[in-house]
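One structure below.
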Amino acid sequence: MTIRKRLLCAILCFAFCIPLCLVQLRAESAGLAVTYLQCDDRWKDVQVGTLTIAQSACSIASICNAVYYLTGREMDLVETAYWANKAGLLNAGGVEGAYRSVFYHSGEAYGEEYGYTATSFQGGTIRSQALIDHLRSGQTAVLHVPGHFMAAIGYDEATGRYLIIDPMPGDVGRYDRRRKGLTHSDGDWLTAEQLSEGYIAVDGYVLFYRALSDREREAILPAVTSASLAGLRAE
């Protein structure tokens, strides 16, 4: 083979093989109809304390996403951001962004109205069994990645992938491009490997639980009690 032919083969290999590899590394868009984005034109320029929602409210947007896909209830992102600021949890006391306690306290402030509770922030990776079991049970969570929060709203046990909503996704214009090619405005299915590297590497999370109504408790608890008694009698 001549040098010219070898050079042509090398060029073709680079042109076709490399893009295929890149495609495999990209996230699979989830196509969700509802996603709360901090860069949404409806509120991106709203000033909350020292910064705008686009600049600082990934935590608040993630709360809204976690609650919506947990309870079906739509929270008011701007109102929640104002609440967090007044409570000293967002862009307050010289701190830019949110304190990690904002999630737990949001449950105290809005849990009764929207039907949820949230745990305190806890360290851990995307492979933490407590997180996987929680998502597998149909609950949601908020994940912390470098300098940012995202919502986890599902887990596919067959593929081991997580359904993620990044409130400042990598496909949005002039905003944060660190996650370019990794996250999209309509949500993403991401692998544990993807959620362990770079700007989407998970190092902690908050678990969101759907609160049962009195009617649901009345319907569920008797059935659970009956099942427990039946188990005892069988023994």
Side-chain angles (χ1 to χ4, degrees), residues 32-123 131 134-135 138-154 163-169 172 175-176 183 185-187 202-214 216:
L32 296 173
V34 177
T35 55
Y36 286 85
L37 306 181
Q38 64 196 97
C39 48
D40 191 304
D41 288 339
R42 290 174 291 176
W43 49 62
K44 66 181 182 181
D45 296 321
V46 173
Q47 193 81 17
V48 180
T50 56
L51 297 171
T52 65
I53 284 177
Q55 293 171 320
S56 64
C58 57
S59 59
I60 306 304
S62 292
I63 290 172
C64 293
N65 283 316
V67 170
Y68 177 78
Y69 283 95
L70 183 66
T71 70
R73 302 289 304 280
E74 296 185 27
M75 297 185 73
D76 186 320
L77 187 150
V78 176
E79 176 192 305
T80 308
Y82 282 146
W83 159 79
N85 176 253
K86 290 178 182 178
L89 299 168
L90 176 69
N91 300 337
V95 174
E96 295 184 348
Y99 287 96
R100 294 180 178 183
S101 58
V102 69
F103 306 102
Y104 172 77
H105 290 302
S106 78
E108 291 184 319
Y110 292 102
E112 185 174 351
E113 179 179 358
Y114 291 98
Y116 76 98
T117 59
T119 66
S120 299
F121 181 88
Q122 47 199 298
L131 174 61
H134 181 75
L135 295 174
Q139 314 274 13
T140 61
V142 170
L143 311 176
H144 184 260
V145 300
H148 192 52
F149 289 104
M150 309 188 301
I153 62 169
L163 184 50
I164 304 296
I165 302 177
D166 179 0
M168 185 65 84
V172 177
Y175 292 99
D176 194 338
T183 58
S185 302
D186 57 357
V202 175
D203 61 15
Y205 54 85
V206 176
L207 305 180
F208 280 67
Y209 290 88
R210 188 169 71 89
L212 296 178
S213 67
D214 292 339
E216 287 172 323

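Reckoned from all heavy atoms, side chains included, excluding hydrogens, waters and symmetry mates. Quantities reported herein were computed from a predicted structural model and do not represent experimental measurements.
Residues that satisfy the ring-ring contact (aromatic ring centres under 6.0 Å, His included) test with Tyr114, not counting sequence neighbours, are absent from this structure. By the side-chain hydrogen bond (donor to acceptor under 3.5 Å, both in side chains) test, Ser62 pairs with no residue at all, sequence neighbours left out. Residues forming a ring-ring contact (aromatic ring centres under 6.0 Å, His included) with His105 (at least two apart in sequence, or on another chain): none. Taking Cys58 as the reference, Gln38, His148, Phe149, Pro167 meet the side chain to side chain contact (heavy atoms under 4.5 Å, CB included) condition, with sequence neighbours excluded.
Using cut-offs of 30° and 60° on the angle between ring planes, the pair Tyr110 and Trp83 is perpendicular.
Between Val67 and Phe208, the closest side-chain pair of non-hydrogen atoms falls below 4.5 Å. Side-chain contact between Leu143 and Ile164 is present, with at least one heavy-atom pair separated by less than 4.5 Å. Using a 4.5 Å heavy-atom cutoff, the side chains of Val78 and Ile53 are in contact.
Separation of atoms CD1 (Ile153) and OG1 (Thr140) is listed at 8.5 Å; rounding is to 0.5 Å. Annotation: the span from Met75 atom CE to Cys64 atom SG amounts to 5.0 Å, rounded to 0.5 Å. Here the CZ atom belonging to Phe103 is positioned 12.0 Å from the CG atom belonging to Leu207, to the nearest 0.5 angstrom. Here CG of Leu163 is found 8.0 Å from OH of Tyr69. Values are rounded to the nearest 0.5 Å. Distance OG1/Thr71 to CD/Glu113: 10.5 Å, rounded to 0.5 Å.
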Margin query: Between Asp76 and Trp43, does the side chain to side chain contact (heavy atoms under 4.5 Å, CB included) criterion hold? Intermediate values first, please.
Written below: CA-CA 11 Å; Asp76 186 320; Trp43 49 62; over 6 Å; no

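A side-chain contact (heavy atoms from CB on, under 4.5 Å) with Ile60 is found for one member of Leu89, Asn85, Leu77 and no other, namely Leu77.
For residues 33-46, every residue pair satisfying the salt bridge (charged side-chain N to carboxylate O under 4.0 Å, His left out) rule, not counting sequence neighbours, is listed here: Asp40-Arg42, Asp41-Lys44. Residue pairs meeting the side chain to side chain donor-acceptor pair (under 3.5 Å) criterion with at least one partner in residues 46-58, sequence neighbours excluded, are Thr52-Gln55, Ser56-Asn91.
Ring centers of His134 and Tyr209: under 6.0 Å apart, within the cut-off.
Within 6.0 Å of CZ on Phe121 lie more than 12 heavy atoms contributed by other residues, nucleotides or ligands. More than 12 heavy atoms of other residues, nucleotides or ligands sit less than 6.0 Å from atom CD of Gln122.
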